[in-house]
Structures are given as structure tokens and as C-alpha cells.
Number of protein chains: 2
Amino acid sequence: MAPRKLNSRASPKAIAPASSKVIAAEPSPSPAKRQHKADAKAAVPAKARPLTRIQREKQDIILEAALEVFSAHGFRGSTIDQIAEVAGMSKPNLLYYFPKKEEIHRRLMSELLVTWLAPLQEMRADGDPFVEIRSYIRRKLEMARDFPRQSRLFANEMLRGAPHIIDMIEVDLKALVDEKAQVLLTWMDEGKLARTDPYHLIFSIWATTQHYADFDVQVRAVLGKARGGEGRFEDAARYLEHLFLHGLTPKPRA
Amino acid sequence: MAPRKLNSRASPKAIAPASSKVIAAEPSPSPAKRQHKADAKAAVPAKARPLTRIQREKQDIILEAALEVFSAHGFRGSTIDQIAEVAGMSKPNLLYYFPKKEEIHRRLMSELLVTWLAPLQEMRADGDPFVEIRSYIRRKLEMARDFPRQSRLFANEMLRGAPHIIDMIEVDLKALVDEKAQVLLTWMDEGKLARTDPYHLIFSIWATTQHYADFDVQVRAVLGKARGGEGRFEDAARYLEHLFLHGLTPKPRA
DNA sequence: AAGATTTTTGACCAGTTGGAAAAATGTTAG
DNA sequence: CTAACATTTTTCCAACTGGTCAAAAATCTT
């Protein structure tokens, strides 16, 4: 069964392009931990060391393991021990790289947000409305297929009221959506798109696509063996395309 | 500001019609706990006591409190102490009614499933396709508005892979969806409905409606003060109706 | 190769949490 | 009213968890 293409099948691993600093802008006192009690050279701002090879490698391993564990059990449901085990190291060792459990989570979340905003950003105002919307849906669906763990991590955060990213949601995400809503509105004015609420339109794309990652068990269980296999994403793509473009009103008999 | 109606505004409390036994069919050794070591009257199946008034009341109070806490923090993120506090009793006292934390959760989940299946069950094969689908969407949206905690509890369970209700999903839910998919298919055959995948159609209704409960923070943040108020559900209803009935293809100029 | 630095480990600890036991207090049927 | 049963409170505990710390091992620098 050759994987009927939905589109490119991205590597299910990397969430961001290698050095995903994003917010690691913090002087990252990573393995530097708290400096010794009596600071030798007085008030020197603790020269931010450049991060060794091992540090970079191990941090990536830990973040990957944490994504695995957090996305499956939630923050409070996950233990450092679990993450350490998946990462193949001891708990104190892991704590050496991320002194706090929360710190791991924070890093994951900030990387996540960027990845999450990207697809919408790609929607071009100067493109064809249907092509743009269609591509956006595809991209989101591919993300649900290829990065289900990120999707679940995000969903989990939302369910909890987005405590860690609420401000980014209110500022960055809102700004982006406002901008794209404007684009949609323009298309509608030009008669290229049916006139509806652009915000809810975007919500419905989010909802329908993420559903295939977040509610995957349900989807597979309901579809059953026959249709719940690999092909379900293409079926979904086809269906969603139809829904958004034509709705459920039947074509007048030819 | 009078609540622009979406429909009836049900009482946000009760999740199931009073005596929601559902699965409480178990001889419920509730406060009877495990019987004493040396059972007096030998192998008598421990006469299932009829449940006192206090027992019924307290159990309801506990379940309500547990719903509040579990839906907000997840199973592992919630402590018995928290639930006990919300329920206004001491931890050991709560444990007297539900000897295990898991037991509370189990009860909540089985009640939940029934509530969750109900709206779809109401979709009548002998009704008008559009009326039926439209009503179904409204009902689901009302549930998202009036019972967001149940929705989040459900979403949480799904995210975790539905460990507690997977079999009900695979059997009962699947059977129900199979049945309704058949109904949809018939409508399509009769040309009353555009021909698409009935399963994914149902998924998309679930996804779009639940989104307003599960991702409520995001929805409100993105809509902003101006449009994120009470009216958002009616806007959503209007939009979804349009989406499902007409899609995004603009009407040919009149 | 020695010294400096970074990484890893094992032992340990304090706070939290689910839950047990038993004593104390309430409720109610006869 | 009172015995039998239901409910509640107090006390306690063992497992788990996030995190610490000093010393050992590995790695890097010169």
C-alpha cells in the first residue's frame, strides 16, 4: 500500500529548524546553574558560556523525550523520571541540563507556538482565495498527521486555559489572525469568496484539521479497520476540501 | 444585554437526568467498602443496600466537584484534596463515598459518554436532511456553550488515548456513527445532500462545535473584547450553518 | 600528560498525595 | 428511647516526586 500522497511527508521528528532558539534568548544559565555561593570575581554578569556540543545534543534529546512524554500525559501527569528514561539518562543528569521541570515545558511551548503560527502566515493576500485556503487546510492537515504530539501538547495547553502562552495568544496570534481575517474580508468584498465571518472561518479550519491529531483514537475507532488506516488523512483532505468549497448543498442535477 | 438566543439555555449543572445510573449497575459497594474479614453469614453476596439519602446527595456533590476539578486539571493534575475542598468535605470523608480516586473518574466518564451520544441519536432518518443536520450542529454548539467542563473532560480523555472509554468508543459510539452514516448516505443517494464522506462529515461537526468549548481561551483571545463576548456562540452558529450548507463558494451574482 | 572543566552518578531529602485505621459522632428504624 | 448502622473526624503512613549535593568519571585544553 503505497502511501497515497496528501503532500510531502515531512520528517516526523524535528519540530523547528535545528537551532530553534526562539526564546532561548535568555542568557540560559543552563548547566551553569546557580554560581557558587561566594562569587569570586564579584558582580561580573556570569559570562554566558557558548554551549558545548554535548549541551546542545543533550538538550535536544531531552526536549524530544519531553515532547513525547508531555504530549501523552500532560505536564502534571509526566514525571522527570519518565522523561529521563525516554531520553536515556538519569534524573539528576537531566536536571543538570534543565534545572526545573517547568523549564523544559517552557522551551517546548515557545518552540511550539512558532511552528503553529507558520502555516497561517503563509497565506498570501495576492494569491487565489481558493488555492490559498485549500493549501492552508492541507498544510494544517499535514501537521496533524506528521506532528501529532505537538498538536496534542498544544491542545493540552488550551484545555488548561493556556496558562503559559496566553499572552502570546493574545498578542502575536491575535495580530496574525486579525491580519489574515482582513485578507479574507477583502476577498469577500471582491466577490471571490462567500461572505461569512472570517474569524470563525479560521477557527473551523483549525478545529477540523487538529481534530485528526487530537482525537485520533476516536477517529480510528469509528472508522474501523477498513477505513481507519493510513488513508484516513487523504479522505479527510478530500472531504474538507469539499466541505469548505461546496458545503453540503447538492449540485443541481446536470 | 438580553442573551441573544441560540436556543434554550439549559441549566449548566446537571449532566444527566437525575438518576444517571448508566454503569452504576455495579452492586456499588460504595460506603459498604470491603466487608469484614471473616464474613459472618458465609457466602451471601453482601446484600446491596439501597443507598441512603445522604449517600445520594453527597455522591452528587462529589461528582460535581470532581467534574470541576478534573476538567480543569486533568486526572493526574487533580488531587483528592482539591476535589474534597470544592465539595466542601474532608478528604477521608470523600474517600468514604468513593474509595478510589479512579472510581470518581470512572463514574464521570460513563455518565459523560451517554450525554455525549445523545445529540447524534436524535438525528432522525425521516426528517429533512438540512433541518436535521442544522439541529444537530445547534445542539452540539449548545452543549459546548452550556457544558464546557464535560467537553473538556472528554477532550482530555481523548488526548490521552481514551484509556477508560476506548471500548465504549469502539462499540457503542462506532455503532451509532455507522448507523447515522448510513442515514446520511441514503440522503445523498436521494440527491438531498451533496455526496461526501459521511464519517468525516460527522467528525467535522464534532470538531467545529467542540472547538468552542475546548479552545475557548483561544477563541476569546483572538476575537478580542469586541466580539469575544457572549455573542460568540451565535456568531459561530451562524457561520457554521453557512459553512455546512453553502461552503465558501460565492453565490453567482444575482 | 596534567590540570581544568564539564558531565554523570548515587545517595539523600522534604513535600505531596492517595489511602488506611480507628475512634467519635449522627441518624433512624423499631 | 436505643441499638444498629451510617457518617465524619483525627491521626498516621508509605509511595512518589521534584530537586539537592558531593564525589566520581569523562572530556577538553594547553
Side-chain angles (χ1 to χ4, degrees), chain A residues 28-38 40-41 46-62 65-66 69-70 73-107, chain B residues 28-41 44 46-62 65-66 69-70 73-107:
Chain A
S28 179
S30 314
K33 266 181 173 174
R34 48 215 123 35
Q35 45 258 241
H36 303 250
K37 300 91 181 178
K41 296 291 184 183
K47 190 67 161 252
R49 306 249 164 182
L51 266 236
T52 48
R53 167 185 57 88
I54 295 184
Q55 270 161 26
R56 260 176 287 117
E57 289 174 3
K58 291 294 169 76
Q59 288 194 3
D60 281 356
I61 291 176
I62 292 171
V69 178
F70 282 148
H73 309 291
F75 181 76
R76 289 223 37 195
S78 307
T79 73
I80 299 184
D81 270 308
Q82 268 176 97
I83 300 174
E85 176 166 359
V86 174
M89 64 182 76
S90 68
K91 177 169 67 168
N93 198 183
L94 182 152
L95 255 348
Y96 169 69
Y97 292 103
F98 291 90
K100 298 271 176 195
K101 185 189 179 187
E102 253 203 346
E103 195 54 38
I104 312 177
H105 193 255
R106 199 192 329 280
R107 276 282 288 276
Chain B
S28 179
S30 315
K33 268 182 172 172
R34 50 212 123 34
Q35 44 258 242
H36 303 250
K37 300 93 180 177
D39 224 4
K41 297 292 183 181
V44 178
K47 190 67 162 252
R49 306 251 163 186
L51 270 231
T52 38
R53 166 186 56 91
I54 296 184
Q55 272 161 26
R56 262 176 285 117
E57 290 174 3
K58 291 293 170 75
Q59 288 194 2
D60 281 355
I61 292 176
I62 292 172
V69 178
F70 281 148
H73 309 291
F75 182 76
R76 289 223 37 193
S78 307
T79 73
I80 299 185
D81 269 310
Q82 268 176 99
I83 301 173
E85 175 165 359
V86 173
M89 63 183 77
S90 69
K91 176 169 67 166
N93 197 183
L94 182 153
L95 254 348
Y96 168 69
Y97 292 102
F98 290 89
K100 299 270 177 194
K101 185 188 179 186
E102 254 203 345
E103 195 54 39
I104 312 177
H105 193 255
R106 200 192 329 280
R107 275 282 290 275

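Chain letters run A, B, ... following the sequence lines, proteins first and then strands; every chain starts at 1.
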* Structure fact -> Rounded to whole Å, the NZ-P distance (K101(A) to dT17(D)) equals 9 Å

* Asked: Where the side chain of N93(A) is defined as all heavy atoms beyond and including C-beta, which of dT17(D), dT8(D), dT8(C) is the nearest nucleotide?
  -> dT8(C)

* Asked: Would you call L94(B) and D81(B) a side-chain contact if the rule is heavy atoms closer than 4.5 Å?
  -> no

* Interatomic distance where CG belongs to L95(A) and P belongs to dT20(D) [whole Å] -> 7 Å

* To do: Decide yes or no, distance alone: a donor-acceptor N/O pair under 3.5 angstrom between the base of dG18(D) and the side-chain of K91(A).
  => yes

* Round to a whole Å and report the spacing from CD of E103(B) to C1' of dG19(C). => 15 Å

* Does a nitrogen or oxygen in the side chain of S90(A) sit under 4.0 Å from OP1 or OP2 of dT8(C)? -> no

* Output the distance between atom CD (E57(B)) and atom OH (Y97(B)), rounded to the nearest 0.5 Å. => 9.0 Å

* Structure fact -> Testing dT9(D), dG18(C), dG18(D) for proximity to the side chain of I80(B), the answer is dG18(C)

* Inspect the surroundings of CD in E85(A) and state if more than 12 heavy atoms from other residues, nucleotides or ligands are less than 6.0 Å away. => no

* Asked: Considering heavy-atom distances to DNA chain C, does F75(B) or K58(A) have its closest nucleotide positioned more toward the 5' end?
  -> K58(A)

* Could you state the CD-P distance from E102(A) to dT17(D), rounded to the nearest angstrom? -> 18 Å

* **Derivation of the side chain to side chain contact (heavy atoms under 4.5 Å, CB included) call for R76(B) and H73(A)** => CA-CA 8 Å; R76(B) 289 223 37 193; H73(A) 309 291; over 6 Å; no

* Asked: Is the phosphate of dT16(C), meaning OP1 or OP2, less than 4.0 Å from a side-chain N or O of R76(A)?
  -> no

* Whether K101(B) side chain and F75(B) backbone form a donor-acceptor pair below 3.5 Å -> yes

* Let me know the distance between CG of D81(B) and C1' of dG15(C), rounded to the nearest Å. => 13 Å

* Asked: Which whole-number value in Å describes the distance from M89(B) CE to dA6(D) C1'?
  -> 14 Å

* Provide, to the nearest angstrom, the distance between the CD atom belonging to E85(A) and the C1' atom belonging to dG18(D). => 17 Å

* To do: Please report, rounded to the nearest Å, how far the C1' atom of dT6(C) is from the CZ atom of R56(A).
  => 14 Å

* Asked: For Y96(A) and dT20(D), is the shortest distance between a side-chain N/O and OP1 or OP2 below 4.0 Å?
  -> no

